[in-house]
**Q** 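Pasting in a structure now, in structure tokens, and then I'll have a few things to ask.
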Amino acid sequence: AYLSDHSSHVAANPNRISLGFRILKRWYMMLGTAPYSSVGYLIRTAEPIEGMPDEYLYSTFTGEGGLYRCYLTNAVRLGRGLSVGVNIGMILGTTTQSETQENATVEYESKKRAFHADFGLHYDFPSWKGRQWSVGTVFAPSLPLTHDNTLTYGNSSTSEGLDKPYHERRQYLPLHWGLGVAMSTDRWLLTADYNYTNWSRNTSSYTSADYENQHKVNLGCSYTLHSRRPRSTEIMWGAGYGNSYISMKGKKMNYLEASAGVSIPIRHSYLSLGATWRQQMNRDRRVMQESRWSLNLNLTFGERISKSKIK
């Protein structure tokens, strides 16, 4: 929907699909796929034509697509509260961006792929006065991103057209490091984490945009309604504050997020419902503003596997 310089959009996308199982007593494995990044925008502009009153030049800019991460996770509990894990996999996807002005359209399509890996370390401290403390850290190195690009030009008023590959600046997956701490009791779980993402190996092809290293802090908590039951309804809250990885014309963008949800046990499975609000905090009128609401639905299926001797 469009009204003067404002626009709104509604979309639905799968967020994550994963399958986890135990290989040995202290060795767990998981297969999954999840979004890594996404592109989605539609901008229309009308510029007055000099010397022609009430005449405008209309332009449309669109972008769609994104990257998905397919991964294999291995986690091993080494003992005395120490666990290590590694994710390896591929990042694949296609992004399409187009510019339309009157009858002419230019479309840029980029098919991207990259190897991805990250490593984690987690430690559970001994329980103290009914409280359980734990700390963890994750690290993902910066790796090259390969892309095959195609430029397509078309004009509806003529038969001319163009379809050819084009060169784009070399791109890299950003380096990521995170640190988190958690404290739990019979009913409460409190968490806090800090995430740093380094984009310094990437350069922007637009003079008005630059990459910015990201810093983000998250706080979360959950409350268990019936702590003595094996499975109980949980109520969850969370908040986060961080900056965008893009700055426009030297103007940095910061975001505040808040979320709430509930997790309901259904036999050996869980149904989770939640909502997330995200608001751009800086109000510089020269930078595009963003406000977003998201509704989340998660299903976790559990299955009891009986043990029996093989004779």
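Sequential numbering from 1 along the given sequence is applied to the chain's residues.
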**Q** Find out whether Y71 and D118 are in side-chain contact, i.e. whether some heavy atom of one side chain is under 4.5 Å from a heavy atom of the other.
**A** no
**Q** Counting heavy atoms not belonging to L78, are there more than 12 under 6.0 Å from its CG?
**A** yes
**Q** Return the CD to OG distance between Q132 and S184, rounded to the nearest 0.5 Å.
**A** 5.5 Å
**Q** Quick check with a 6.0 Å cut-off and a 45 degree axis cone: is R69 positioned over the face of Y36's six-membered ring?
**A** no
**Q** Using the rule that two of Ile, Leu, Val, Met, Phe, Trp, Tyr join whenever any of their side-chain heavy atoms come within less than 4.5 Å, decide whether Y28 and F21 are in one cluster.
**A** no
**Q** How far does CG of L256 sit from CD of Q280, to the nearest 0.5 angstrom?
**A** 12.0 Å
**Q** Quick one: closest heavy-atom pair of Y172 and N202, and the distance?
**A** N-OD1, 2.8 Å
**Q** Should we say atom OH of Y245 is surrounded by more than 12 heavy atoms from elsewhere, each under 6.0 Å from it?
**A** no
**Q** Quickly, which of Y255, W199, Y196 forms a ring pair (Phe, Tyr, Trp, His ring centres under 6.0 Å) with H215? Name it, please.
**A** Y196
**Q** Are any of the side-chain nitrogens in D124 or R80 under 4.0 Å away from the carboxylate oxygens of its partner?
**A** no
**Q** Under 6.0 Å between the ring centres of W177 and F139?
**A** no
**Q** Is it true that, when you exclude W237 itself, more than 12 heavy atoms of the residues, nucleotides or ligands shown sit nearer than 6.0 Å to its CH2?
**A** yes
**Q** How far apart are the C-alpha atoms of D148 and R113, what are their side-chain angles, what is the distance that settles it, and do they pass the salt bridge (Lys or Arg N to Asp or Glu O under 4.0 Å) test?
**A** CA-CA 9 Å; D148 298 322; R113 59 190 180 276; 3.0 Å; yes
**Q** Under the side-chain contact (heavy atoms from CB on, under 4.5 Å) criterion, do L299 and L271 qualify, and how do the steps go?
**A** CA-CA 5 Å; L299 292 172; L271 170 65; 3.3 Å; yes
**Q** In plain terms, say whether E234 and R187 are close enough for a salt bridge, that is, a side-chain N and a carboxylate O under 4.0 Å apart.
**A** no
**Q** So does A258 get a backbone contact from the side chain of R278, meaning a donor-acceptor N/O pair under 3.5 Å?
**A** no
**Q** M236 and L273: same hydrophobic cluster, using ILVMFWY side-chain contacts below 4.5 Å?
**A** no
**Q** To the nearest 0.5 Å, what is the distance between CG on L143 and CZ on F115?
**A** 7.0 Å
**Q** Counting only N and O atoms by type, is there a donor-acceptor contact under 3.5 Å from the side chain of S244 to the main-chain atoms of I246?
**A** yes
**Q** Contact between W27 and M29 at the side-chain level, heavy atoms closer than 4.5 Å - yes or no?
**A** yes
**Q** When the ring planes of Y123 and F125 are compared, do they come out parallel, tilted or perpendicular, using 30° and 60° as the limits?
**A** perpendicular
**Q** Is any side-chain heavy atom of T146 less than 4.5 Å from a side-chain heavy atom of P144?
**A** no
**Q** Indicate yes or no: at least one non-hydrogen side-chain atom of V86 is less than 4.5 angstrom from one of T73.
**A** no
**Q** In terms of ring plane angle, is the pair W293 and W277 parallel, tilted or perpendicular, where the classes change at 30° and 60°?
**A** tilted
**Q** Considering non-hydrogen atoms only, spot the tightest contact between T33 and C70 and give its length.
**A** OG1-SG, 3.9 Å
**Q** Going by heavy atoms in the side chains, are Q214 and N243 under 4.5 Å from each other?
**A** yes
